[in-house]
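Reviewing the structure listed below.
Proteins get letters first, then strands, A, B, ... in listed order; numbering begins at 1 in each.
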2 protein chains.
Amino acid sequence: MKTASIIAIGNELVEGILVDTNSKYISKKLLEYGYKTKIIKTLPDDLDLLVKEIKDSLETTNLVVTTGGLGPTEDDLTREAVSKALEKKLIFDENLSKKIIEKAKKFHSYVPKIVERQAMVIEGATVLENPVGTAPGMFLKTSKSTILILPGPPVEMIPIFEEALNLIEKENKIYQRRIKTINIPEAVLVEKYKDIIYKYKEVNVATMASHTSGVELRFTGEKALVDEIVNMLSEKLKDYIYAFDDKTIEEIVFEKLLSKNKTVSFAESCTGGLVSANFVNLSGVSKVFKGSIVAYSNEVKQRVLNVNSKTLEKFGAVSKECVEEMAKGVSKLLDTDYSVAVSGIAGPTGGTKEKPVGTVWICAYSRENDIFMTEGFYFKGNRQTIRNRSTLHAFDMLRRILK
Amino acid sequence: MKTASIIAIGNELVEGILVDTNSKYISKKLLEYGYKTKIIKTLPDDLDLLVKEIKDSLETTNLVVTTGGLGPTEDDLTREAVSKALEKKLIFDENLSKKIIEKAKKFHSYVPKIVERQAMVIEGATVLENPVGTAPGMFLKTSKSTILILPGPPVEMIPIFEEALNLIEKENKIYQRRIKTINIPEAVLVEKYKDIIYKYKEVNVATMASHTSGVELRFTGEKALVDEIVNMLSEKLKDYIYAFDDKTIEEIVFEKLLSKNKTVSFAESCTGGLVSANFVNLSGVSKVFKGSIVAYSNEVKQRVLNVNSKTLEKFGAVSKECVEEMAKGVSKLLDTDYSVAVSGIAGPTGGTKEKPVGTVWICAYSRENDIFMTEGFYFKGNRQTIRNRSTLHAFDMLRRILK
């Protein structure tokens, strides 16, 4: 397989200001096109360092993709760095400059002169139009490698990159399958099924645990061998598997509701809208999702969701009894077939000896059968981790009650 | 200033499965401790490549921090790679093994033998206890550099890293200030105030635009010079600045509500709970936040928020009239002093000629004065970008009505 380097450029990326999400997107796509990413380098706006690392990548990998550093300001050095690394001139493109200024006028009433820097083109490069912003991308083949230069903002990077993929010769796709599980620890899963998981030396196996998506197994290799392993595990792990490959738990739940022609709503306390927001990430979700109540205060739990004041007094807001009343309440108020309620202590404060930080109760409710599926959890981690894990399990319980 | 390399390890990071968020956290902290991150390398689970890149980093930077690859499974190669790069032995630590197994028993009823791999220690390294998971970290000084080995899951990495910072000699802190603005494009801001922004050659300036936090200016250098620039810009940009340094817009809004002793609620359509979820990221927010209504369907807008059916017929759900009724409705239902309502078309479908994808209406409402602040936006980008920008501006309008 051919190899790729991704170079993410910008002081903000090495000073802890911004997370680079572009490289995930790019490396995933490149894999589909037969390029294995050998290294992702994140570098500051430092001309010498950029030139050195771009040169090194051009010498050691078949494709180099850079993101960032194409803005109009003085700290945007990618054009200059690539031209130096390739020992090619930077040429001002009059026509491109006019186009850029015209585009900039659509965004702002006042177009500063520095925007013209974005019309400097590396000798011999194909200019890739930017349908969103002003900075164009560039594409250039050299004797040893190929370089693709992209802007940093994902919203500009993605459409240019997608276009550029047509320019990159499409290699043989590699074959990869992923199994996504929940409710089983990584070490237990791997130890128990190691004979199947590591059955073939030729199949590359990776395992990973995440608090937003559970434990995942990834198999890469020859189709027949990979499929054999995946088929065997599908049977053995059927109680734990919630999805395969790119499917997310939100998509699984969405499809189930859609096929049953049922609706859902959420009642959220500690997750504070995160379950709903993750669900609304999916386009078209309005077919099954009516809305949610974020009942952060007990007052809202009582007045809007109709939770009994005695329940709150006797058992507290983080209890089996409370989430069941919340689930029933939201299903009634928003008139939905299903509902899920979440209430917990996300911390860092608010924990007690009986209910430490990380205690979370979740209830999935089916109105048709008046069935409650209620579970108590104890999640480790910080506030965000506890809220993410609660969200994952809220979707998992909805998935299970929909079975 | 001393230099650092961060090496993030794992196939999932170069195959587009997972975004590396650790490096942002680490590089930010290191900067406070006087280490400038020269490069972040993201690498697959490939022993030869790991050894080569770790060696290279040990030779070119004063501190090397690795994350990931410390799990119990066969694709976890960091221990081995570092020991090879340093030409030091890996030694099985009997006592550590016992501790790890004991800890693993707390998490799972069944503890597999492979967990013992986590008790292999590099000769001469200080073992750093993992308060959350089983994989310990390691810290080792060599003649040329220092290496810190951390697990990959952020929830385990963070506490070990924080402990390790005590071991790293505290250098002189560098001085950095950040100015966060909204409602002014990056190029306009920089062009208009370039004489101030680039006043001192000795001050390092960086600018960045983000759809979750607006346009940011970052100044690094000598305290007196940086402060002078920041003071001048604070005056000139006062209509656009919403925060300085680490403060987020959510924190600004939270503090304003807290100081006024007022409460808030949200009514969300296209953001689908994202405004609420971002607000609940802040610990202690229950003092001012009661809850929200995610009114994704028109039915919920009408029945729960009391939006008039005629409003929906005449103006549609994405309109000035609708968000004003939503804002008033949620403020009444949840009994809060302030409220913000958001309704828009996040796409990719649902756009029309009059209301294309990206059209968003936001209303901030003050019950005390019965004042509505309502604005229509047109955001470029994909579904997630449009929802993120809507969320940012929802907080900005709340901030402005609270003034």
Side-chain angles (χ1 to χ4, degrees), chain A residues 11-12 14-16 19 21 24-25 27-28 31 37 39-43 49 72-73 75 107-108 110 112 114-115 132 155 185 187-188 190-191 205-208 272-274 276-277 280-281 283 286 289-297 299-300 304 333-334 348-349 380-385, chain B residues 11-12 14-16 19 21 24-25 27-28 31 37-43 49 72-73 75 107-108 110 112 114-115 132 155 185 187-188 190-191 206-208 272-274 276-277 280-281 283 286 289-297 299-300 304 333-334 348-349 380-385:
Chain A
N11 284 338
E12 66 275 14
V14 293
E15 289 178 5
V19 170
T21 56
K24 172 178 183 280
Y25 187 88
S27 59
K28 188 169 188 312
L31 209 52
T37 299
I39 187 163
I40 301 166
K41 298 172 183 173
T42 309
L43 298 167
L49 193 59
T73 56
D75 52 346
F107 301 142
H108 327 304
Y110 167 70
I114 48 167
V115 159
V132 178
V155 56
V188 174
V190 170
E191 177 72 10
V205 181
T207 66
M208 58 168 291
L274 197 57
S276 314
V280 172
N281 269 339
S283 168
S286 60
F289 175 62
K290 287 195 180 177
S292 295
I293 305 299
V294 179
Y296 207 62
S297 70
E299 183 195 332
V300 173
V304 181
L333 179 66
L334 304 191
T349 58
K380 295 225 167 199
N382 65 17
R383 184 173 177 86
Q384 264 57 275
T385 304
Chain B
N11 283 338
E12 65 276 13
V14 293
E15 290 178 4
V19 170
T21 55
K24 171 178 184 280
Y25 186 90
S27 59
K28 186 169 190 312
L31 208 54
T37 299
K38 233 180 103 180
I39 187 164
I40 301 166
K41 297 172 184 174
T42 310
L43 298 167
L49 194 59
T73 57
D75 52 346
F107 300 142
H108 326 304
Y110 167 72
I114 48 169
V115 159
V132 178
V155 56
V188 174
V190 170
E191 177 73 10
T207 67
M208 59 169 291
L274 197 57
S276 313
V280 172
N281 269 339
S283 168
S286 59
F289 175 61
K290 287 195 180 178
S292 294
I293 306 297
V294 179
Y296 206 62
S297 71
E299 184 195 330
V300 173
V304 181
L333 180 65
L334 303 192
T349 60
K380 296 224 166 200
N382 64 16
R383 184 173 178 86
Q384 264 57 273
T385 305

Check whether [X] gets within reach of chain B through its side chain, its backbone, both or neither, counting any heavy atom under 4.5 Å.
| X | answer |
| --- | --- |
| F289(A) | both |
| N281(A) | both |
| V155(A) | side chain |
| L49(A) | side chain |
| V304(A) | side chain |
| T207(A) | both |
| A206(A) | both |

Shorter than 4.5 Å, heavy atoms on both sides: which option in L274(A), T73(A), V19(A) has the most such pairs with chain B?
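Going by pairs under 4.5 Å, I would pick V19(A).
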What option among K24(A), E12(A), Q384(A) has the most heavy-atom pairs under 4.5 Å with chain B?
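Max contact count across the listed options: K24(A).
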Smallest heavy-atom separation, G273(B) atom then A277(A) atom, equals C-CB, 3.8 Å
Return the [atom1] to [atom2] distance between [X] and [Y], rounded to the nearest 0.5 Å.
| X | Y | atom1 | atom2 | answer |
| --- | --- | --- | --- | --- |
| N11(B) | D75(B) | CG | CG | 7.0 Å |
| K41(A) | K38(B) | NZ | NZ | 12.0 Å |
| L43(B) | I40(B) | CG | CD1 | 12.0 Å |

Quick check against the 3.5 Å criterion: does R383(B) have a side-chain atom that pairs as donor or acceptor with the backbone of T349(B)?
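Between the backbone of T349(B) and the side chain of R383(B) there is no qualifying donor-acceptor contact (under 3.5 Å).
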Side chains of I39(A) and T42(B) in contact at under 4.5 Å (non-hydrogen atoms)
no
When the 4.5 angstrom heavy-atom criterion is applied to V190(B) and chain A, the contacting part is side chain
S27(B) and T37(B): side chain donor to acceptor below 3.5 Å:
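Result is no, nothing qualifies.
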Largest heavy-atom contact set with chain A, pairs under 4.5 Å, which of V115(B), T385(B), N382(B), L334(B):
L334(B)
Looking only at S276(B), S292(B), G291(B), S297(B), the option with the highest number of non-hydrogen pairs under 4.5 Å against chain A is S292(B)
Charged N to carboxylate O below 4.0 Å: is that the case for E299(A) and K290(B)?
yes
